[in-house]
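Numbering of residues begins at 1 and proceeds along the displayed sequence. Bear in mind the structure is a predicted one, so any value in this text is a computation, not a measurement.
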Amino acid sequence: MATITVDLSTDPISYSPGPEVKHGDTVVFSMGSYPASYTATITFPDGTCLTTTSPFSLGGGGLTASPKTVSMTAAKGIYDFTATIDDGTRDRGTDPRGPQERDRKNGGIDVTSDPPEDPARR
């Protein structure tokens with residue numbers, strides 16, 4: 001199984017080696033070069049291809065990368081996601097911007113094959 005890294009700190013979001021995944025692959029969402037105090041909330045508004053439900057968070061000084069697994073039952077297609085980046089000022093009450101005005105980035109994960117067939121269903 002392959003590992004795909006999604007770097008949220010680049011503009012646009014970058015994928016290494018690319019956004020294409022297969023069932024069982026690992027997808028690592030990374031804060032990249034963001035400062036340790038930054039966090040990100042990842043949301044898949046139209047459903048996720050991962051075994052983890054959305055939204056999920058990462059960052060905040062400890063967890064800078066978040067490995068997830070592509071579901072064995074995910075249908076072929078592109079799964080769009082939104083990453084909302086928070087610089088940590090919201091918690092201190094110093095950021096007058098609402099959540100919709102924070103740094104938002106859009107990306108997508110491309111599941112390149114249909115789920116494996118169940119041999120019992122043949």
Side-chain angles (χ1 to χ4, degrees):
M1 303 293 168
T3 298
I4 289 78
T5 301
V6 181
D7 187 344
L8 302 176
S9 69
T10 59
D11 195 14
I13 292 172
S14 63
Y15 305 84
S16 177
E20 300 84 15
V21 297
K22 296 191 181 322
H23 300 95
D25 282 354
T26 300
V27 178
V28 177
F29 288 88
S30 171
M31 294 297 292
S33 62
Y34 279 118
S37 62
Y38 280 48
T39 59
T41 301
I42 312 298
T43 305
F44 286 82
D46 300 317
T48 183
C49 61
L50 305 174
T51 57
T52 305
T53 58
S54 118
F56 57 89
S57 299
L58 65 146
L63 182 64
T64 59
S66 181
K68 307 295 180 193
T69 303
V70 178
S71 172
M72 295 302 286
T73 59
K76 181 179 180 177
I78 297 176
Y79 291 80
D80 293 325
F81 65 86
T82 301
T84 304
I85 312 299
D86 186 348
D87 63 7
T89 59
R90 173 176 52 179
D91 295 335
R92 294 188 291 275
T94 59
D95 190 349
R97 300 174 295 171
Q100 69 279 7
E101 297 169 327
R102 297 189 192 284
D103 188 11
R104 285 184 178 240
K105 295 182 175 186
N106 297 313
I109 297 173
D110 185 3
V111 177
T112 60
S113 60
D114 285 318
E117 287 188 29
D118 182 356
R121 296 186 138 202
R122 290 185 183 181

Taking Leu50 as the fixed residue, which of Val21, Ile42, Val27, Thr26 is the one that meets the side chain to side chain contact (heavy atoms under 4.5 Å, CB included) rule? Val27
Could you tell me which non-hydrogen atom of [X] sits nearest to which non-hydrogen atom of [Y], and how far apart they are?
{"X": "Gly108", "Y": "Ile78", "answer": "CA-CG2, 4.3 Å"}
{"X": "His23", "Y": "Met1", "answer": "O-SD, 3.5 Å"}
{"X": "Ala40", "Y": "Leu8", "answer": "CB-CD1, 3.8 Å"}
{"X": "Thr69", "Y": "Gly24", "answer": "CG2-O, 4.0 Å"}
{"X": "Asp7", "Y": "Ser9", "answer": "OD1-OG, 2.7 Å"}
{"X": "Glu20", "Y": "Ile4", "answer": "O-CG1, 3.7 Å"}

Shared ILVMFWY cluster between Val28 and Val111, side chains joined below 4.5 angstrom? no
Euclidean distance, Lys68 NZ relative to Thr52 OG1, rounded to 0.5 Å: 4.0 Å
Could you measure the distance from the OG1 atom of Thr84 to the CZ atom of Arg104? Nearest 0.5 Å is fine. 4.0 Å
Any idea how Phe81 and Phe29 line up, ring-wise: parallel (<30°), tilted (30 to 60°), or perpendicular (>60°)?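 Perpendicular, since the angle between the ring planes exceeds 60°.
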Walk me through whether Thr41 and Asp86 qualify under side-chain contact (heavy atoms from CB on, under 4.5 Å). CA-CA 8 Å; Thr41 301; Asp86 186 348; over 6 Å; no
Using a 3.5 Å distance criterion without hydrogens, assess whether the side chain of [X] forms a donor-acceptor pair with backbone atoms of [Y].
{"X": "Lys22", "Y": "Val70", "answer": "no"}
{"X": "Tyr38", "Y": "Ser33", "answer": "no"}
{"X": "Ser30", "Y": "Gly32", "answer": "yes"}
{"X": "Ser54", "Y": "Phe56", "answer": "no"}

State whether a side-chain donor-acceptor pair under 3.5 Å links Tyr15 with Asp110. no
